[in-house]
Amino acid sequence: MPGTRLLSGVQFMNITIVGTGYVGLVTGTCFAEGGHRVVCVDCDAEKVKILQAGGVPIYEPGLAELVKKNADASRLSFTTSTKEGVDKSDVIFIAVPTPPLPDGSVDLSFIEGVARDIAGAMTSYKIVVDKSTVPVKTGAKVVETIKRYCKAKVEFDVVSNPEFLREGFAVEDFMRPDRVVIGVSSPRPVPAMQEVFAPYNAPVIVTDINSAELIKHAANSFLALKISYINAISIICEATGANVQEVANGIGMDARIGRRFLDAGLGFGGSCFPKDLSAFIKISEQLGCDFRLLKEVQRINAEQMERFVRKIADTLWVLKEKKIGVLGLAFKQNTDDVRMSPAIDLCYRLQKEGALLRVHDPKAIEKAKAVLKDVTFVADMNAVADGCDALVVATEWPEFKKLDLERARKAMTHPILFDGRNLFDPKEMERLGFIYKSIGR
Ligand code: UGA
């Protein structure tokens, strides 16, 4: 496998990433940052044009700087041609969407399409790596597809390399991963894959493809389970006057449990957990196993939102024509992504009850405009409260902690704050004169 050893000791590899979404673009950019030479391919010509001109179509902390740095150093380039990507590289990553179908199963048509394109372009040995989240046994299908559509008689290996980065922390997570999982069906691609990940100094787990694919679904389902668990505990806390944050701290200090992903709130959203849970339940069903535990995780998540809306309605009584300020639209902090955002879901529910919304997000307003109609978008977070009957915190943006609460209290018709992310201190809010309701406290 060609590649030149750099002074740092890293052997740089020629890598292509097909798909420049949140995962693909971060992966390609961070591979280039590690010293590799990377081609990013996307069928969306508009997106490629933006990237070629030095722009970045998504918000992800630190990403724009790294794209520029690596493009300037000629380690990172963009094209719409899969053929060009395949010709230029030895290792080709697939990082395309695997969206949900109406029955909860996964639409694998993008994966199949890319596998066909890669197969059609292959003229020498290639390692084809699936990074997209896929159902167990997809790797075997990719092997079959490449065999079927490869015109030249060339050898290849298919590898599964699930991604664990979080949006909003993607660059950090990629550069310093807890582990790298490499699923293979033979030892042949392993040395090259180890070179690909050499710059990141992470433990590498080499396993079979089915296990690698399962690790991803099992990991995301477990994290979602942790969130639903603490949300269920938050209900017990509210009923007893206990504090869910104290409970999370207390159980989280047990190293077997861990404090992370134990923040109670409006429940999980985003393009991964909800979709991956449904997919894993469906996969299990197809394998003859009713994964009721995960169905309960979904139920708790849905109920958490309903309980919050009820809490607002119980306090304000009639929501019709009440002015409500919503802080946060993204599905979590540090991102402009509003896909499956609990904050957007909350807006829809409040609108359905007739509430009039003034909304703000530090990064997601532009993307929210496509999905949220008949609301007032407010650019300044401190102006959201103006004339409102209540304020709601829907996303855990740390900047909301700097909200001018004095000003908000004076600007509101009634100083009521519903904190769906437990950002504020209940005692302090009371001292400031707010009627303050949060989750599990
Ligand atoms: C998730 C996983 O954390 C990543 O490891 C994985 O790579 C990614 O899915 C994926 O499959 O691509 P992501 O969806 O970007 O990452 O965001 P998370 O940080 O996991 O948050 C997901 C949701 O859970 C958010 O709505 C967040 O607000 C919520 N959450 C998270 C909580 O309600 N409480 C918590 O304690 C943590």
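Just follow the structure's listing: the first ligand is 1, and inside any ligand the first atom is 1. What's counted below: heavy atoms across the whole structure, side chains too, no hydrogens, waters or symmetry copies.
Between the H360 side chain and the A379 main chain, a donor and an acceptor come within less than 3.5 Å of each other. At least one donor-acceptor pair under 3.5 Å links the side chain of T395 to the backbone N or O of A330.
Within 4.0 Å of ligand 1, heavy atoms belong to protein residues E163, F164, L165, R166, E167, K216, N220, I227, F261, L262, D263, G267, F268, G269, C272, F273, D276, F331, K332, E396, R421.
A 6.0 Å sphere centred on CZ of F222 holds no more than 12 heavy atoms belonging to other residues, nucleotides or ligands.
Counted by atom type alone, R407 and N382 present zero donor-acceptor pairs between their side chains at under 3.5 Å.
When ring centroids are compared, Y200 and F174 come within the 6.0 Å threshold.
Salt-bridge check for K88 with E84: passed, with a basic side-chain N closer than 4.0 Å to an acidic carboxylate O.
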